[in-house]
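Notes follow the structure.
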Protein chains: 2
Amino acid sequence: MANPSVEAAPQGAGDANARRDRPPTIRDVAELAGVATSTVSRALSRPERVNPRTRVRIEEAAAELNYIPSSQARGLSSGRTNAVAVLVPDITNPFYFDIIRGTQHQLKAAGVTQLLVDTEESSEMELDALHKMRKSADGFILAASRLTDAQLTEVSQTQPLVTFNRASTSAPTVMIDTPSAIIQALEHLASLGHHKVCYVAGPPTSWSNQMRWKVFEEDATKRGMEVHRIGPYAPKTTSGAAAADAAVRTGATACIVFNDLLAIGMLQRLKARGIRVPADMSIIGSDDIFGADFCNPPLTTISSPIEQAGRVAVSMLLAQLNPLPGSATRKLAVMPTHLTVRESTGPAPA
Amino acid sequence: MANPSVEAAPQGAGDANARRDRPPTIRDVAELAGVATSTVSRALSRPERVNPRTRVRIEEAAAELNYIPSSQARGLSSGRTNAVAVLVPDITNPFYFDIIRGTQHQLKAAGVTQLLVDTEESSEMELDALHKMRKSADGFILAASRLTDAQLTEVSQTQPLVTFNRASTSAPTVMIDTPSAIIQALEHLASLGHHKVCYVAGPPTSWSNQMRWKVFEEDATKRGMEVHRIGPYAPKTTSGAAAADAAVRTGATACIVFNDLLAIGMLQRLKARGIRVPADMSIIGSDDIFGADFCNPPLTTISSPIEQAGRVAVSMLLAQLNPLPGSATRKLAVMPTHLTVRESTGPAPA
DNA sequence: AAGCTTGCGGCAAGCGGTTGCCAAAAGTTG
DNA sequence: CAACTTTTGGCAACCGCTTGCCGCAAGCTT
């Protein structure tokens with residue numbers, strides 16, 4: 001631009017800004033700007049540390065060369081990777097997609113790379129990932145962690161992390177307000193005249209599963225309902241058939257199901273068996289995943305802003321990584337829930 | 001293990017393998033094994049280059065220290081990052097979930113990190129990501145790339161990549177056998193007695209959208225059908241309402257829809273308007289995403305092994321990255337498709 | 001036994017940045 | 001204008017690992 005004649009002779013031997021075959025390094029920029037690499041480095045990462053005039057020169061040089069700092073090298077010397085790992089138990093589960101979406105969004109906004117890991121519902125894989133990636137990520141977001149409290153505590157001492165849907169005394173946490181949700185759901189069922197209710201349990205290692213059951217039992221008992229529990233089931237639609245059959249045998253007229261996947265599976269099975277929902281049995285899912293609104297019948301379910309939860313988790317993690325002097329880091333965020341009533345719940349059969 | 005007495009005195013001051021506060025480096029391993037760092041490096045990455053006895057010693061030392069090489073450092077010096085970036089136009093779309101799953105799976109199996117990027121349906125963001133990440137990823141998988149042929153060609157000269165669902169002469173590609181699928185779908189409709197068919201178009205920048213329309217028009221015309229086209233629509237359920245209304249106005253009795261998301265949205269709208277599917281109108285989607293089997297009515301759709309496509313894409317990319325002397329790298333993989341007939345298609349209204 | 005391979009391991013120079021420390025330059029002050 | 005403080009920028013030592021090159025020692029050949 002500034003020197004078209006050079007453009008015209010791109011192969012000039014002594015060309016100062018001759019295109020190297022390799023991408024430009026900080027050294028190229030330094031040379032072009034006539035400063036030392038250290039100055040370039042500072043101009044780019046701590047602009048206030050450098051004279052505005054110099055900075056502008058450097059920025060121009062960088063722009064001209066189309067310079068992009070190597071995150072590898074930066075990571076090596078600074079110890080920071082500018083990446084965050086998000087660990088989910090099952091990438092297959094639409095529920096986690098929402099959270100992944102949230103984290104992805106927020107991380108991207110912060111210019112941080114997301115490293116996605118599927119831990120396959122296994123605490124070993126989770127620990128393993130945590131260990132293996134300790135140098136390649138600045139922090140971790142553990143969605144529905146399968147770790148024990150002790151493991152969690154230990155890990156959180158070494159690496160910055162925030163847990164999602166898994167209470168922890170040691171690490172910041174973002175949670176779904178499950179108790180409130182279950183109570184809302186039971187209230188809804190009670191108002192429809194249901195007396196026999198059944199909790200359809202998910203994975204035993206899931207903390208939120210335990211929570212849900214606990215609140216369910218307490219509150220349903222308090223209401224004088226007959227409470228049943230079946231499970232555990234894998235949180236997949238394919239487990240729904242067995243769950244539906246078992247649920248029917250309990251004699252309950254309404255089920256609160258660990259998650260929507262399972263609930264949708266149950267819906268399918270019930271339909272196949274000719275058991276009408278909600279006329280014969282009401283079903284309440286949890287999570288309001290993609291599909292809950294258009295399955296048949298549309299599923300009454302516990303909704304919460306999962307994607308936003310992902311964003312919040314990222315914010316909390318980033319706050320932990322770059323603590324602002326002023327603000328204390330938040331240790332807990334509870335996401336509100338509400339019951340989205342659709343067509344899978346109705347009056348108890350007479 | 002080999003020396004329990006040391007175990008018993010973990011705080012011994014002169015302890016050779018005293019726990020450093022920092023994670024062990026290759027130097028620590030070298031020291032413990034009594035060799036040079038270069039030897040450790042080789043023992044770990046090119047085992048045949050080192051004497052079996054030495055190698056064992058090194059491996060033991062590494063295991064004892066719980067050594068994990070820093071991918072950063074490794075990347076810096078070797079130029080390889082052991083990471084692959086997967087670029088999808090919209091992480092929100094369940095279709096891409098399947099492919100992400102596939103790539104994630106296969107990459108993990110190969111010990112490669114997946115870098116997930118949402119390009120937001122924009123070719124600029126795509127180019128940008130491609131550029132910014134050129135040093136942080138060894139290769140790229142471009143799902144449904146929005147780039148022009150020229151851009152694609154240019155990019156593929158600098159970086160190893162494979163495209164998915166986007167033909168390219170310059171880069172290896174894995175494709176869905178769209179023509180066959182569309183023909184199957186039309187055949188299905190023809191056999192049900194439909195004569196007026198409508199293509200509901202997706203994003204104009206989508207190559208597969210163009211392909212689908214092209215084949216649709218050709219084949220439907222050949223069959224003497226009356227062909228309509230509406231759109232473009234954003235490939236989301238929310239666009240389904242407008243699409244449904246427009247489709248009805250065309251007078252067509254059957255629609256082939258760009259993708260399931262849009263199709264499901266149409267289903268909802270048609271139901272709301274009291275237009276029965278399939279009695280009044282038949283709908284065929286594409287992709288067989290999560291939810292297509294349990295929406296109402298269950299969607300007849302074009303299925304293909306998307307997740308497997310993701311795996312294949314990874315294989316092709318890895319083959320490109322580590323070419324085996326023997327085998328030539330495959331330039332094209334076409335994934336088979338079939339029509340999954342469910343309940344959204346039926347005989348043409350009389 | 002002398003001369004040659006061959007296998008194995010070490011040396012040291014990077015890879016592309018960051019950063020502590022220091023000196024020169026610039027700005028202040030009396 | 002000298003003495004002092006504050007900016008500003010350069011030097012150079014890493015960060016942890018890879019790799020080209022070299023030399024030594026053991027195994028072969030004739």
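Remark: the A/N51 side chain and the A/R57 side chain contain no N/O donor-acceptor pair separated by less than 3.5 Å. Under 3.5 Å, the side chains of B/Q114 and B/T103 contain a donor-acceptor pair of N or O atoms.
Nearest heavy-atom pair, A/P172 versus A/L161, reported as atom, atom and distance to 0.1 Å: CD-O, 3.5 Å. Taking both residues in full, the closest heavy atoms of B/L318 and B/V112 are given as CD2-CG2, 4.3 Å, listed atom of the first, atom of the second, then distance. Contact record, B/Y96 with B/D90: CD1-O, 3.3 Å, taken as the closest heavy-atom pair. Closest approach of A/A137 to A/L115, counting heavy atoms only: CB-CD2, 4.3 Å. Closest non-hydrogen pair, B/K331 versus B/S170, comes out as NZ-O, 3.7 Å. Contact detail for B/I141 and B/V314: the closest heavy-atom pair is CD1-CG2, 3.6 Å.
Identified under the side-chain hydrogen bond (donor to acceptor under 3.5 Å, both in side chains) test for residues 131-146 of chain A, with sequence neighbours left out: A/T81-A/D138, A/E121-A/R146, A/E126-A/S145, A/D128-A/K132, A/H131-A/R134.
In this model, the phosphate group of C/dG17 is not approached by any side-chain N or O of A/S41 to a distance below 4.0 Å at OP1 or OP2.
Here the side chains of B/F140 and B/P160 are not in contact, with every heavy-atom distance at 4.5 Å or above. The shortest distance between side-chain heavy atoms of B/N82 and B/R74 does not fall below 4.5 Å.
Salt bridge status for A/E48 with A/R42: absent, with no side-chain N to carboxylate O gap under 4.0 Å. Comment: B/E307 engages B/R311 in a salt bridge, judged by a side-chain N to carboxylate O separation of less than 4.0 angstrom.
Within a heavy-atom distance below 4.0 Å of DNA chain D, the residues of residues 76-84 of chain A found are A/L76, A/S77. The stretch residues 128-140 of chain B has no heavy atom under 4.0 Å from DNA chain D, so no residue of it qualifies as close. For the contact set between residues 46-57 of chain B and DNA chain C, defined by any heavy atom under 4.0 Å, the members are B/R49, B/V50, B/N51, B/T54.
Of all nucleotides in DNA chain D, those with any atom nearer than 4.0 Å to a heavy atom of chain A start and finish, going 5' to 3', at D/dT8 to D/dG16.
Interatomic distance, CZ of B/F97 versus CD1 of A/I91, reported as 9.0 Å (0.5 Å rounding).
Residue A/Q72 contributes atom CD, which lies 10 Å from atom C1' of C/dG16 at whole-angstrom precision.
Note on the helix from C/dA1-D/dT30 to C/dG30-D/dC1: terminal axis deviation equals 30°, with five pairs used at each end and the result rounded to 10°.
A/R166 pairs in a side-chain contact (heavy atoms from CB on, under 4.5 Å) with only one of the listed residues (A/L152, A/T173, A/L142, A/V174), which is A/L152.
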